[in-house]
Amino acid sequence: MGSHRDDATSDVVLSAHKFNRHTFWCGQSGSGKTYALGVVLEQLLLNTRLPLLILDPNADFTRLPETRDTTDPELAAAIAASDIQVLHSTRRDLPQLRARFTDLPLTAKAAVLQLDPIADADEYNVLLHADATLSGGAGDTPDQSTYISALRASDDPGHQRLAKRIENLQVLDWDLWARGEVAATDIIDERPQATVLDLGGFAHPAEPKVAALSALEHLWARREERRPVLIVIDEAHNICPPVATSAVEQALIDRVVQIAAEGRKFGLWLLLSTQRPTKIHPNVLSQCDNLCLMRMNAPRDLAELADTFGFVGEHMLAESPEFRQGEALFAGGFITTPTFTRMGGRITEEGGADVGVPLLA
Ligand SMILES: Nc1ncnc2c1ncn2[C@@H]1O[C@H](COP(=O)(O)OP(=O)(O)OP(=O)(O)O)[C@@H](O)[C@H]1O
Ligand SMILES: [Mg+2]
């Protein structure tokens, strides 16, 4: 990962095989979480065959396949030989991040359409029976006009109401839908060494969440295959906050909480990065065994961490407000003893490095 904070000559090493637990990565904005996450992902790429699924809200990892000019040629060649699939939403000229509505489980479809099984009983029932119709010819979200007109042609009030709802929510306009093209889940099924889902470029606020939901639901539905994958979620407070503000968010929280509780034995391992421990769901936090703590100021947050990660001495956590950018405390199963670390340099390019203040010439 880098060197000991207080001894630049001594390397800090994480046990790759202990990523078969959940990992919590936290620190305040600018502490260097995303950069450090890149360092660990590069090392996992170079030293393991563990497939990585990276939910990337700010296009920070879209350049993971590109090495820096300063990178050792052997490492650069190893990265170049890795199968890294980047699915974009912030750029149009590259492979796009897509999802198939029809592949979502009923609860997720209902969440997208903001349907409640009791309050919206008629519409929910139409949805329940309409999966076949809804799939259209290509096994995908149908052409907007045909599906809406099929619903409208029916005398049934449930059909009429569902048609109106779909039109009003404008979900059929989302860029996210695959419409017969390759979906992210098709790529994830091939288990490339890394799949980056660039979530940041969608127009509708629910689209990135539904993209994440489609991937997580897909992995969960196939959990019995027991094919390992490390699910890396940067800015995890967007995906599993303590309280949902929408039905889609609730569906995401439910799924992440379940993966946190039961995913380990199926090879579904989480690595969650966020600024404060209280910003993610407590039932997810409590399942994390590995910790990377970067600079964090608030005593309340440190107390919360001390509660969750009882094996780290509070005196060690208490040093975190003094950390400089790029300094971290690693603790938990993946390191023999809690260790203050100065992160090593990246070998791949960052997608979204900080913007500098324009100064006088
Ligand atoms: N170890 C490091 N060496 C060199 N530059 C670094 C290091 N860590 C971070 N930086 C730089 O500092 C800036 C902020 O780092 P980063 O984006 O990783 O912060 P963050 O903790 O993820 O913040 P946020 O919570 O706002 O996403 C970036 O431009 C990054 O390139
Ligand atoms: Mg970040």
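Note that the structure is a prediction, hence the values are computed from the model and not measured. In listed order, ligands and their atoms are each counted from 1.
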Any side-chain donor near an acceptor of the partner, H218 and D189, under 3.5 Å: yes
Applying a strict 4.0 Å limit to heavy atoms, is G27 in contact with ligand 1? no
Among G32, G38, A36, the residue with a heavy atom nearest to atom 16 (P) of ligand 1 is G32
Take every heavy atom of Q28, measure it against each atom of ligand 1, and state whether any distance is under 4.0 Å. yes
Are W177 and F101 near enough that their ring centres are under 6.0 Å apart? yes
The atoms of ligand 1 lying under 4.0 Å from a heavy atom of G326, numbered in the order shown, are 1 (N)
Relative to atom 22 (O) of ligand 1, which among D234, T34, N58 owns the nearest non-hydrogen atom? T34
With respect to R342, determine whether any N or O atom, backbone or side chain, lies less than 3.5 Å from an N or O atom of ligand 1. no
Pick whichever of Q275, K33, E327 has a heavy atom sitting closest to atom 20 (P) of ligand 1. K33
Evaluate M343 for polar contact with ligand 1, using N/O atom pairs at a separation under 3.5 Å. no
Under 3.5 Å: donor-acceptor pair, side chain of E327, backbone of R324: yes
So, using side-chain hydrogen bond (donor to acceptor under 3.5 Å, both in side chains) as the criterion, who are the partners of T34 when residues are at least two apart? D234
When you look at L75 and T67, which way does the side chain to side chain contact (heavy atoms under 4.5 Å, CB included) test go after all the steps? CA-CA 9 Å; L75 295 181; T67 46; over 6 Å; no
Between the main-chain N or O of R91 and the side-chain N or O of Q96, is there a donor-acceptor pair closer than 3.5 Å? yes
Modelled atom types, side-chain donor and acceptor of H159 and D156, under 3.5 Å: yes
Residues 190-203 side chain polar contacts: donor-acceptor under 3.5 Å, at least two apart:
| residue | atom | partner | partner atom | Å |
| --- | --- | --- | --- | --- |
| R191 | NH1 | I188 | O | 3.0 |
| R191 | NH2 | R227 | O | 3.2 |
| Q193 | OE1 | D83 | N | 3.2 |
| D198 | OD1 | G200 | N | 3.4 |
| D198 | OD2 | S89 | N | 2.8 |
| D198 | OD2 | T90 | N | 2.9 |
| D198 | OD2 | T90 | OG1 | 2.6 |

Indicate the ring-plane relationship of F323 and F340, choosing parallel, tilted or perpendicular according to the 30° and 60° boundaries. perpendicular
Report the protein N/O/S neighbours of the Mg ion (ligand 2) that fall below 2.8 Å; do not count waters. T34 OG1
Has M294 got any heavy atom lying under 4.0 angstrom from an atom of ligand 1? no
Hydrophobic cluster of V13, others only, ordered by chain and residue number, side-chain cut-off 4.5 Å: none
Per-residue contact class, R346 against ligand 1 - non-hydrogen pairs under 4.0 Å: neither
Note: ligand 1 atoms sitting under 4.0 Å from heavy atoms of E235 are 27 (O)
Is there a donor in the side chain of Q250 and an acceptor in the side chain of D254, or the other way round, less than 3.5 Å apart? yes
